[in-house]
Amino acid sequence: MAMPIRTSLRNIAIIAHVDHGKTTLVDKMLRQTGSFTAHEELTDRVMDSGDLEREKGITILAKNTAVKWHDLTINIIDTPGHADFGGEVERGLAMVDAVILLVDAAEGPLPQTRFVLRKTLEKRLPVVLVINKVDRPDARIKEVVEEVENLFLDLDADEHQISFPILYASARQGWASLDVNDTSGDLTPLFQTIADYVPAPEYEEGHGLQALVCNLDASPYLGRLALCRVINGNLERGQRVAWCRIDGTIEHAKITELFITEALERMPAQSAGPGDIVAVAGFEDITIGETLADPDNPIALEPLHVDEPSLSMTIGINTSPLAGTEGKLLTARMVKDRLDRELVGNVALRVLNTERPDAWEVQGRGELQLAVLIETMRREGFELTVGKPQVVTRVVDGKVHEPVEHVTIDVPEEFVGNVTTLLATRKGSMTDMVNHGTGWVRLEWRMPARGLVGIRTEFMTETRGAGIMHSNFDGYAAWFGDIRLRQNGVLVADRRGDTTGNALLDLEQRGVLFVGPGVEVYEGMIVGENARSDEMNVNPTKEKKLTNMRASGSDNTERIAPPTIFSLEQALEFIADDEAVEVTPKSVRLRKAVLDVAARHRLHKKK
């Protein structure tokens, strides 16, 4: 018997690799359906609402919006394209009935496309393919369509998923068409394809309420909001519901507020039916994957499953001598409360206790996800000490296994040798190499996740900034052995004080400096990279000896090369196992985990 459907509603997610134009397409869909009123100011990429999202040009959180096209309401989830935020992707896919796959007409499907598409096909969702940026001068539309079809076959798509409609679009110019040569018009063909091809939400007639919590938000007035997709039944404001917890317990609660999204605004609503994506208030500590059900017959839905974390780093309070000079939030209790708050809405993170009461091990999907968390905390006024990223290992049949990444690299032909040497020294093995005949080569590698920590800077140097590298998780393999990630040692300050031009001039001959003159340093702080492979304790505060004599020519101004300034991500990539990054709202400093010179010497002897 066919299940009844809601014909006036469609739920879709837009998935793509980073920077293939998802958020720009949603912008244009909102504009062309008149979702903005005349007096509203239009900003570019309205869906990237966070400061970090706008700065990095990536989507970090899955967000939803709704557009009205004729009598049809289309709920759109904008998912992150980066594998580090895969937890967000999985939540987004739990709310929808189909997916729009957006692929760049020149770059073709890249690893993150593969990552998100694999999740989609596992959930057996139908796909609409949109080839975006077809107006690029280097577009290779026919080849890209073939590459996408091969990717579907690689990922074991079923016959319904392989027969997908294809649209050609330029999101920036605001048009889409079924014919590659028709560049006039607007996004109407896309809306029509969604209406015709995307299945309407199905539900069981007469079934009690079932709504799955897929995401969380917070309101300063209402407290925690649960974002749910209604699967069966109706949800009403003021209704009493059974709240099925993940641990199997059932509590009764009342829905105090109910909101439905219109464009980018949440509007209060009286009721919601099957297929609607709503925000509800009234549940103080509800979490993702729980079910709101009929109080007379509570039936819990299958909870969301999220991939295991593959990378961890230690985050603790700032223990340097300069602690408290730049930030406001300093104590262990404040840091722990903030990490606990992050866990509420971020299912892909884990926080574990360590031997020290003022430091915690935070596990996540990748460097970028953890760096975004630290950058957010830093902007809120926290001072932190962050350890080197480590891979999360597991034991299989008595042997240690570590995470492996599938790496895709696009480089100009002349740099293939440099890149091969760089990845081979980090225990990588090449699986494929394709020369497009355009002067660019695509390399496919499989290598341990450890080997990728800190590779970005070296990769950019080796390819003179022209290379593009993407990676995503590809399972576990037996431990690959020791990998030496950094060839050079560091210059470490041996006392506290302000750096002087005279001392730095002498140190310049020893290596690359990370600090300029007049900067306050302390014992154990890393002030530069040594030209040799060993660590060297130096005095960057040494002043020039003054005498009564003046010799001609001795007072010439000396020029010091500008210091290398690290961003947070670069600092995390650079440090070794016995080093840490001190993060404050104003500074990123590198330091030794053990600051005292003598104590470090004793530790080194023990080893």
Side chain to side chain contact (heavy atoms under 4.5 Å, CB included) between Arg136 and Asp104: does it pass, once the steps are laid out? CA-CA 9 Å; Arg136 276 179 66 156; Asp104 187 302; 3.0 Å; yes
List the steps, then state whether side chain to side chain contact (heavy atoms under 4.5 Å, CB included) holds for Leu72 with Arg10. CA-CA 8 Å; Leu72 193 66; Arg10 299 288 186 277; 3.8 Å; yes
Check against side chain to side chain donor-acceptor pair (under 3.5 Å), Asn234 and Ser271: CA-CA 7 Å; Asn234 287 317; Ser271 67; over 6 Å; no
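- Checking side-chain atoms of Gln32 against main-chain N and O of Gly174 turns up a donor-acceptor pair under 3.5 Å.
- From Leu121, atom CG reaches atom CG of Leu93 across 10.0 Å, with rounding to the nearest 0.5 Å.
- No hydrogens or angles considered: a donor-acceptor pair under 3.5 Å links the side chains of Asp186 and Thr188.
- By the 4.5 Å heavy-atom criterion applied to side chains, Asp97 and Arg229 are counted as neighbours.
- Side chain of Gln239 to main chain of Glu236: a donor-acceptor pair is present (N/O by atom type, distance under 3.5 Å, no hydrogens or angles).
- Ring centers of Phe164 and Tyr197: at least 6.0 Å apart, outside the cut-off.
- Checking side-chain atoms of Asn132 against main-chain N and O of Ala171 turns up a donor-acceptor pair under 3.5 Å.
- Other residues, nucleotides and ligands contribute more than 12 heavy atoms inside 6.0 Å of the CZ atom of Arg124.
- Considering all non-hydrogen atoms of both residues, Asp294 and Ala242 come closest at O-CB, 3.9 Å.
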Stepwise side chain to side chain contact (heavy atoms under 4.5 Å, CB included) test for Arg338 and Thr376: CA-CA 11 Å; Arg338 177 64 183 82; Thr376 310; 3.8 Å; yes
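- There is a side-chain donor-acceptor pair under 3.5 Å between Gln192 and Asp196.
- Remark: Phe382 CZ to Leu330 CG distance equals 9.5 Å, nearest 0.5 Å.
- By the neighbour-count criterion of 12 heavy atoms within 6.0 Å, atom CZ of Arg237 is densely surrounded, having more than that number from other residues, nucleotides or ligands.
- Annotation: side chain of Ile277 is not in contact with side chain of Leu227 (no heavy-atom distance under 4.5 Å).
- If you take SG on Cys228 and CG on Asp276, they are separated by 11.5 Å, rounding to the nearest 0.5 Å.
- Between Leu568 and Ala371, the closest heavy-atom pair is CD2-O, 3.7 Å.
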Walk me through whether Tyr203 and Ile231 qualify under side chain to side chain contact (heavy atoms under 4.5 Å, CB included). CA-CA 6 Å; Tyr203 61 97; Ile231 309 291; over 6 Å; no
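- Using modelled atom types, no side-chain atom of Gln363 and backbone atom of Leu349 make a donor-acceptor pair closer than 3.5 Å.
- Taking each heavy atom of Thr584 and Arg378 in turn, the nearest pair found is O-NE, 3.0 Å.
- At least one side-chain heavy atom of Val26 sits less than 4.5 Å from a side-chain heavy atom of Ile14.
- Using a cutoff of 4.0 Å between basic side-chain nitrogens and carboxylate oxygens, Asp337 and Arg333 are scored as salt-bridged.
- Judged by distance alone, the side chain of Thr291 and the main-chain N or O of Ala293 form no donor-acceptor pair under 3.5 Å.
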I'd like to know whether Asp296 forms a salt bridge (Lys or Arg N to Asp or Glu O under 4.0 Å) with Arg240, so could you lay out the CA-CA distance, the side-chain angles of the two residues, the decisive distance to 0.1 Å, and finally the verdict. CA-CA 10 Å; Asp296 300 328; Arg240 293 200 70 75; over 6 Å; no
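- When every heavy atom of Ala272 is checked against every heavy atom of Ile260, the shortest pair comes out as CB-CD1, 4.2 Å.
- Of all the heavy atoms in Ala253 and Trp243, the pair that sits closest is CB-CE3, 4.4 Å.
- By the 4.5 Å heavy-atom criterion applied to side chains, Pro403 and Val391 are counted as neighbours.
- In this structure a side-chain-to-backbone donor-acceptor pair under 3.5 Å is missing from Thr249 to Arg245.
- Note that CZ of Arg172 is 8.0 Å distant from NZ of Lys133, once rounded to the nearest 0.5 Å.
- Here the straight-line distance linking atom CD1 of Ile194 with atom CG of Leu187 works out to 9.0 Å at 0.5 Å rounding.
- Without hydrogens or angle criteria, Glu383 side chain to Gly327 main chain gives a donor-acceptor distance under 3.5 Å.
- Leu102 has its side chain out of reach of Ile15: every pair of non-hydrogen atoms, C-beta onward, lies at least 4.5 Å apart.
- Tested against Val130 for a side-chain contact (heavy atoms from CB on, under 4.5 Å), the candidates Leu190, Leu101, Ile166 yield a single pass: Leu190.
- The shortest side-chain heavy-atom distance between Pro274 and Pro201 does not fall under the 4.5 Å cut-off.
- The side-chain heavy atoms of Ile12 and Asn75, taken from C-beta on, include no pair separated by under 4.5 Å.
- For Val96 against Leu125, the heavy-atom pair with the smallest separation is O-CD2, 3.8 Å.
- Counting heavy atoms from C-beta outward, Val145 and Ile131 have side chains that approach closer than 4.5 Å.
- Going from atom CG of Asn11 over to atom CD1 of Ile74 covers 10.0 Å, rounded to the nearest 0.5 Å.
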